[in-house]
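Below: the structure, in structure tokens.
Labels below follow one simple rule: chain letters A, B, ... track the order of the sequence lines, proteins then strands, and each chain is numbered from 1.
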Number of protein chains: 2
Amino acid sequence: MSKSRTSIVDIARAAGVSKSTVSLVLQGSPLVHEKTREKVNTIIGDLGYVYNRGAANLRQSRSKIIGIVVNDLTNSFFAELAVGMDMMVQSAGYVQFLAHSGESVDRQREVISSMRENGIAGLILSPARGTEVGDIKPLADSGIPVVVVVRNVPGAKVSRLISDNYAGAKAAIRHLISLGHSRIAFMGGFVDTAVFGERLRGYVDALLEANIPFAEELVIHSAPSRAGGVAAVERMMVFAERPTAALCLNDAVAFGVCDGLRSNNIEPGKGFGIIGFDDVIEAKTAVPALTTISVDPQGMGQRAAQLVLKQINAGQNIPESIVTSVRLVVRQSCGAPVKQLEELA
Amino acid sequence: MSKSRTSIVDIARAAGVSKSTVSLVLQGSPLVHEKTREKVNTIIGDLGYVYNRGAANLRQSRSKIIGIVVNDLTNSFFAELAVGMDMMVQSAGYVQFLAHSGESVDRQREVISSMRENGIAGLILSPARGTEVGDIKPLADSGIPVVVVVRNVPGAKVSRLISDNYAGAKAAIRHLISLGHSRIAFMGGFVDTAVFGERLRGYVDALLEANIPFAEELVIHSAPSRAGGVAAVERMMVFAERPTAALCLNDAVAFGVCDGLRSNNIEPGKGFGIIGFDDVIEAKTAVPALTTISVDPQGMGQRAAQLVLKQINAGQNIPESIVTSVRLVVRQSCGAPVKQLEELA
DNA sequence: TGACGAATTTGGAACGTTCCAATTATATAG
DNA sequence: CTATATAATTGGAACGTTCCAAATTCGTCA
């Protein structure tokens with residue numbers, strides 16, 4: 001129940017040295033004599049002193065806080081992304097403000113400005129749908145490194161880390177075509193995100209490449225969630241000529257599509273080929289195991305954190321764009337004979 | 001590229017008033033004249049001033065930061081818990097340090113001490129397995145409100161918010177018995193968490209209550225994850241006399257059990273009754289829809305945040321224990337004729 | 001012993017805010 | 001026009017640290 005936090009001068013007094021010496025000890029400076037260091041350290045332990053990082057920041061105006069804003073933590077893709085960042089950030093001796101915008105740009109704006117007031121050294125942003133340049137410009141202008149992940153923010157002059165959505169979608173469709181499918185749907189999502197656009201483009205180009213005409217009605221929009229997948233199947237069921245396979249916007253949608261097919265007595269992977277996108281952790285153990293494009297969200301999170309840390313240390317802020325490569329992981333849901341060994345667990 | 005952050009005195013100078021006045025404006029004090037307020041506010045806008053909350057904390061030593069440590073963000077139960085907290089914390093004008101301990105007590109300790117240095121006003125902890133009193137005592141002793149959620153930390157004199165695991169498990173087993181099951185397994189988890197113990201106790205008591213003897217071998221331990229559920233089924237398949245239903249430690253295990261059954265050509269909900277625990281968001285849309293004990297993680301998160309906020313505002317720190325009630329949500333996976341309307345979406 | 005360089009230690013100003021007591025401006029009443 | 005209450009503003013100390021320049025102590029060598 002100490003009335004006021006014990007400070008550096010309290011322990012200085014107790015140790016019979018000056019506050020400067022204590023400060024030196026705290027930062028592990030080689031300037032202080034071994035005996036003095038010991039004495040100070042024991043006193044620190046005895047008095048239960050806790051370092052006040054806020055006060056230190058005030059003086060040296062470089063904090064050890066990294067802001068992370070994620071659009072949807074309940075989606076396991078983003079949760080893993082966040083965990084990857086967390087690992088990297090922690091082990092670099094930083095600490096994080098992690099907030100969830102829930103796809104609301106207003107909330108996102110509030111959160112970012114609050115982080116700014118709290119003096120973050122850098123920001124990693126997985127933007128909410130509809131994020132605009134103006135939402136991040138002030139931060140970036142004031143010299144704080146910003147890294148945008150997963151989704152692009154068009155026009156923003158900041159670093160980005162995006163997975164190769166185009167190539168991934170293309171690989172998926174090629175695989176389905178090689179299995180003999182020609183009526184292939186694209187399920188889930190709306191045109192409002194860059195991710196959607198890129199994946200759709202890969203889908204279209206792979207079809208054209210195989211001389212399969214692109215049919216507008218096979219793009220079935222829905223929420224990018226498990227429930228959205230179910231809804232997409234419902235809409236598909238009324239088609240006169242039904243597709244025989246689908247590429248889904250992400251794994252969540254793909255699981256929903258499996259659910260929806262089962263409700264219609266179609267066994268996913270048997271009567272209908274499904275490919276997801278992201279390779280979330282459940283993809284491997286689901287039944288049927290989901291064929292998907294592996295994006296390695298945790299790895300992406302780590303790289304994003306590394307990128308922002310690098311920029312913080314560099315001091316200067318040269319935007320950098322990284323496109324991370326993805327790979328097709330063939331499992332059971334596309335109905336292929338498993339031709340490729342499952343990656344090691 | 002401003003060299004140094006513009007401060008309150010910069011804008012004071014520009015507005016031709018004293019820094020005190022600017023400070024007053026910033027806190028919306030009624031003491032300042034309307035005209036002055038306007039003038040100051042426009043200058044603030046023009047100069048792109050950003051408030052330095054750190055400096056303010058230094059003076060008034062009450063921060064607006066709440067620390068949240070979650071053991072596993074990739075588990076959607078905990079992710080939703082975190083989101084619930086986030087909502088409450090943000091709307092109370094606080095900001096959060098959210099960290100992920102990954103079930104490591106060491107990492108958890110580091111994270112907590114780092115939060116402490118950064119001056120949190122309160123802490124919400126969903127403890128890693130094996131957390132001990134000593135891990136939170138120093139914080140609590142220094143007068144910072146601590147709320148422990150989901151899992152108990154035995155012996156800690158802090159507030160807790162736990163769901164009624166005992167009653168939930170009991171309700172689940174009663175339901176299975178009412179459907180005619182008598183050989184019922186308990187799947188997933190190890191004895192190392194309080195949650196496991198409480199749920200198992202509910203399971204046992206409900207059996208005894210119905211004069212069904214408790215059989216040790218029907219408690220099938222496994223990792224509390226989807227993969228663990230699959231593993232548990234494998235172990236069950238070799239039993240001479242197989243159970244006809246199972247209560248799972250949580251929904252993740254339950255999904256894994258469904259997967260495992262399907263691999264063995266048993267249709268979950270038909271040949272075998274399954275009840276989960278937690279009611280994560282996917283439980284409703286999965287096929288078969290999962291019968292489970294609804295714990296409302298997001299609601300729990302909100303309540304936990306409210307509790308810690310209350311304690312922060314109260315100043316004093318009287319530990320409070322809240323047991324939140326749970327309810328059985330009957331869906332398809334237990335094979336019951338759906339006798340109760342699905343809750344509204 | 002005195003001097004000199006290296007090793008340690010130290011006082012005080014700064015960082016950007018809040019808060020208090022004190023001051024100044026403005027309005028009201030006599 | 002003065003006295004007085006009220007409204008608005010203000011200077012300076014304080015919060016806990018870092019950093020710098022300066023001071024002190026120590027050891028060594030002539």
Counting the atoms with a prime plus P, OP1 and OP2 as sugar-phosphate, which does B:Leu26 contact under 4.0 Å by heavy atoms, base, sugar-phosphate, or nothing?
nothing
Check every atom of C:dG11, D:dT10, C:dG16 against the side chain of A:Ser20 and return the nucleotide holding the closest atom.
C:dG11
Is any side-chain nitrogen or oxygen of B:Arg62 closer than 4.0 Å to OP1 or OP2 of C:dC19?
yes
Can you pull out the residues from residues 47-54 of chain B that lie within a 4.0 Å heavy-atom distance of DNA chain C?
B:Tyr49, B:Tyr51, B:Asn52
Rounded distance in Å - CG (B:Leu24) to C1' (D:dT10)
10 Å
Just checking A:Lys39: does its NZ atom have more than 12 heavy atoms from other residues, nucleotides or ligands closer to it than 6.0 angstrom?
yes
Between the side chains of A:Ser101 and A:Ser104, is a donor N or O closer than 3.5 angstrom to an acceptor N or O?
no
Please tell me which of the listed nucleotides, C:dA13, D:dT10, C:dT18, lies nearest to the side chain of B:Ile8?
C:dT18
Provide, to the nearest angstrom, the distance between the CD atom belonging to A:Glu34 and the P atom belonging to D:dC26.
17 Å
Confirm from the modelled atom types if B:Ser18 and D:dG11 form a donor-acceptor pair under 3.5 Å, side chain to base only.
no
Distance below 4.0 Å between A:Thr36 side-chain N/O and C:dT9 OP1 or OP2:
yes
Might you point out which heavy atoms bring A:Gly84 and A:Gln302 nearest each other, and give the distance in Å?
O-CG, 3.4 Å
Tell me: CG of B:Asn57 to C1' of C:dC15, nearest whole Å?
14 Å
Output the rounded distance in Å from NZ (B:Lys35) to P (D:dT9).
10 Å
Heavy-atom closest pair (A:Arg5 atom, B:Gly119 atom, distance to 0.1 Å) is NH1-CA, 4.3 Å
With respect to the side chain of A:Leu58, which nucleotide from D:dG16, C:dT17, D:dT9 is positioned closest?
D:dG16
Please report, rounded to the nearest Å, how far the P atom of C:dT26 is from the NE2 atom of B:His33.
10 Å
Give a yes or no on whether a donor-acceptor pair under 3.5 Å exists between the nucleobase atoms of C:dT17, that is its base, and the side chain of B:Arg59.
no
Are B:Ser23 and C:dT18 close enough that a side-chain N or O sits under 4.0 Å from OP1 or OP2?
yes
Is B:Gln27 near enough to C:dT17 that one of its side-chain N or O atoms lies under 4.0 angstrom from OP1 or OP2?
no
Using salt bridge (charged side-chain N to carboxylate O under 4.0 Å, His left out) as the criterion, point out the one residue from A:Lys310, A:Arg160, A:Arg303 that pairs with A:Glu320.
A:Lys310
Can you check whether B:Ser29's main-chain N or O pairs, donor with acceptor, with B:Arg37's side chain at less than 3.5 Å?
yes
A:Thr74 and A:Asp72 side chains, donor-acceptor separation under 3.5 Å:
yes
Atom CG of A:Leu31 to atom C1' of D:dC20: distance rounded to whole Å?
13 Å
Within the structure, does a side-chain N or O atom of A:Thr21 lie under 4.0 Å from either OP1 or OP2 of C:dT10?
yes
Rounded to the Å, how far apart are B:Lys19 NZ and C:dA14 C1'?
14 Å
Crowding at CD, B:Glu103 (>12 non-hydrogen neighbours, <6.0 Å)
yes
Any B:Gln60 side-chain N or O less than 4.0 Å from OP1/OP2 of D:dC15:
no
